[in-house]
Number of protein chains: 2
Amino acid sequence: MTAKRVLTERAQALPALAECFRTHGFEGASLSLLCAASGLGKGSLYNFFPGGKAEMMEAVLAQIDDWFAQAIFAPLEQADDPATAITAMMAAVTAYFHGGGRVCLMGWIGLSNARDGFAGQVEGYFARWIAALARCLKSGGVAAQSAMRHAEDAVAGMQGALVLSRALGDQAAFTRLIERLRMALLDALAAA
Amino acid sequence: MTAKRVLTERAQALPALAECFRTHGFEGASLSLLCAASGLGKGSLYNFFPGGKAEMMEAVLAQIDDWFAQAIFAPLEQADDPATAITAMMAAVTAYFHGGGRVCLMGWIGLSNARDGFAGQVEGYFARWIAALARCLKSGGVAAQSAMRHAEDAVAGMQGALVLSRALGDQAAFTRLIERLRMALLDALAAA
DNA sequence: GTCTATAAAGCGATAGAC
DNA sequence: GTCTATCGCTTTATAGAC
């Protein structure tokens, strides 16, 4: 018999920690909450993350970036059919953010003071997203400058949709906004 | 001689408290920070705000709502020239948010857990903004449904511009996004 | 690798002197 | 109305038993 619970890799604890950070924010997620969310004691958490909360958040953001890289960014960059790729992106984003019910940790951290400690990760995430989307539009014949504008508008628009739908307590607003962002991108492709 | 400092109205402390909340968030703004920001001792703060931090935030949000009502919402609702009113709104918004260097407290609180305590104020703020903008567009001849869509897109887009420009550490992105939002609204008016 | 116990610091909030 | 001192609690982080 091994101990009660053995996690050979700290990565197994990351999803629960991520959800705790998403729910309470960086300052609001206390170690007690993070312990409760992950089912681990403080000793175990510090064994995996000697740097404490900051190292946990760093690892969480890294995993989020990895997930987006494979599920969102790569398909955009390698798209055969740009229009289909954009529709797939919006569907994936809607699923990931639970239709507006889940916060974007990257965007949230960017607003906060804790931003300074994770600025590189946050900036890289959004820069890659915009670049991947712009590349997809260009592959569909959209002029470089126009593609960059539309990509920037769309990524900002998705963040705005998350903020607004949560503020209004209205997830249907998220769906409406995302659908109109999708149409705007498809229109840009159609006009090219 | 009176005491060192006498504030006959608690409203005089609100701007400093607001800036402290904007910088550190609700959880992050400790009483020590709020004291330092306002130049008041804890005793004085509790004299003005017996309900503590929550009452301070409530008063701050109420003052923000008042400011927007007179500086942003009312001009939109009473506009003679919708296009001019929209351009004025974007200029006022850019000034208020320091060109992307200042966070929107309403949007931020909406993302956080503290939202539950201020949901009414946050929801009211955004609902009034969207309604005022839609009304302005309608007064310019835009169809009701289209006006509502464009208003929703624009308010979400402004929040997205704040999130994205902070995340990228690039205030120029805010300026670009706001300008394109302005053009989209003017186009909607021109098409009507 | 897991846990509990503990330390030191900071938190929100209150009491009371002036 | 202002301040300082203080309460009780929670926080992050560490130490050590198992």
Where do B/Glu179 and B/Arg176 land on the salt bridge (Lys or Arg N to Asp or Glu O under 4.0 Å) test, with the steps shown first? CA-CA 5 Å; B/Glu179 176 59 16; B/Arg176 286 196 301 272; over 6 Å; no

I'd like to know whether B/Glu55 forms a salt bridge (Lys or Arg N to Asp or Glu O under 4.0 Å) with B/Arg10, so could you lay out the CA-CA distance, the side-chain angles of the two residues, the decisive distance to 0.1 Å, and finally the verdict. CA-CA 12 Å; B/Glu55 189 173 342; B/Arg10 71 178 196 175; 3.0 Å; yes

Between [N] atom [atom2] and [X] atom [atom1], what is the distance in whole Å?
X: A/Tyr46; N: C/dA5; atom1: OH; atom2: P; answer: 18 Å
X: B/Glu9; N: D/dG1; atom1: CD; atom2: C1'; answer: 15 Å
X: B/Asn47; N: D/dG1; atom1: CG; atom2: P; answer: 5 Å
X: B/Leu40; N: D/dT4; atom1: CG; atom2: P; answer: 12 Å
X: A/Phe49; N: D/dT12; atom1: CZ; atom2: P; answer: 15 Å
X: B/Leu34; N: C/dC11; atom1: CG; atom2: P; answer: 10 Å
X: B/Glu55; N: C/dA13; atom1: CD; atom2: C1'; answer: 13 Å

Would one find more than 12 heavy atoms of other residues, nucleotides or ligands at under 6.0 Å from atom CG of A/Asp116?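 For A/Asp116, atom CG is crowded (more than 12 foreign heavy atoms under 6.0 Å).
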
OP1 or OP2 of D/dC3 versus the side-chain N and O atoms of B/Ser44: is any pair under 4.0 Å?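 So the side chain of B/Ser44 is within the cut-off, an N or O lying under 4.0 Å from OP1 or OP2 of D/dC3.
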
Evaluate salt bridge (Lys or Arg N to Asp or Glu O under 4.0 Å) for A/Arg22 paired with A/Glu19, printing each intermediate quantity in order. CA-CA 5 Å; A/Arg22 264 188 282 263; A/Glu19 210 52 39; 3.1 Å; yes

Base, sugar-phosphate or nothing for A/Gly43? Non-hydrogen atoms, less than 4.0 Å.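 Touches a base.
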
Measuring from atom OG of B/Ser165 to atom CD of A/Glu152, what distance do you get when rounded to the nearest 0.5 angstrom?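 Result: 10.0 Å between the selected atoms.
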
Protein N or O to nucleotides 9-11 of chain D N or O, pairs below 3.5 Å:
| residue | atom | partner | partner atom | Å |
| --- | --- | --- | --- | --- |
| D/dT11 | OP1 | A/Ser30 | OG | 3.2 |
| D/dT11 | OP2 | A/Ser32 | OG | 3.0 |

For the aromatic rings, using the six-membered ring if either is Trp, is the centroid distance between B/Trp67 and B/Tyr96 under 6.0 Å?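 Under 6.0 Å, so yes.
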
Considering only D/dT2, D/dA13, C/dA13, which nucleotide approaches the side chain of B/Phe48 most closely?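 Selected nucleotide (nearest to the side chain): D/dT2.
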
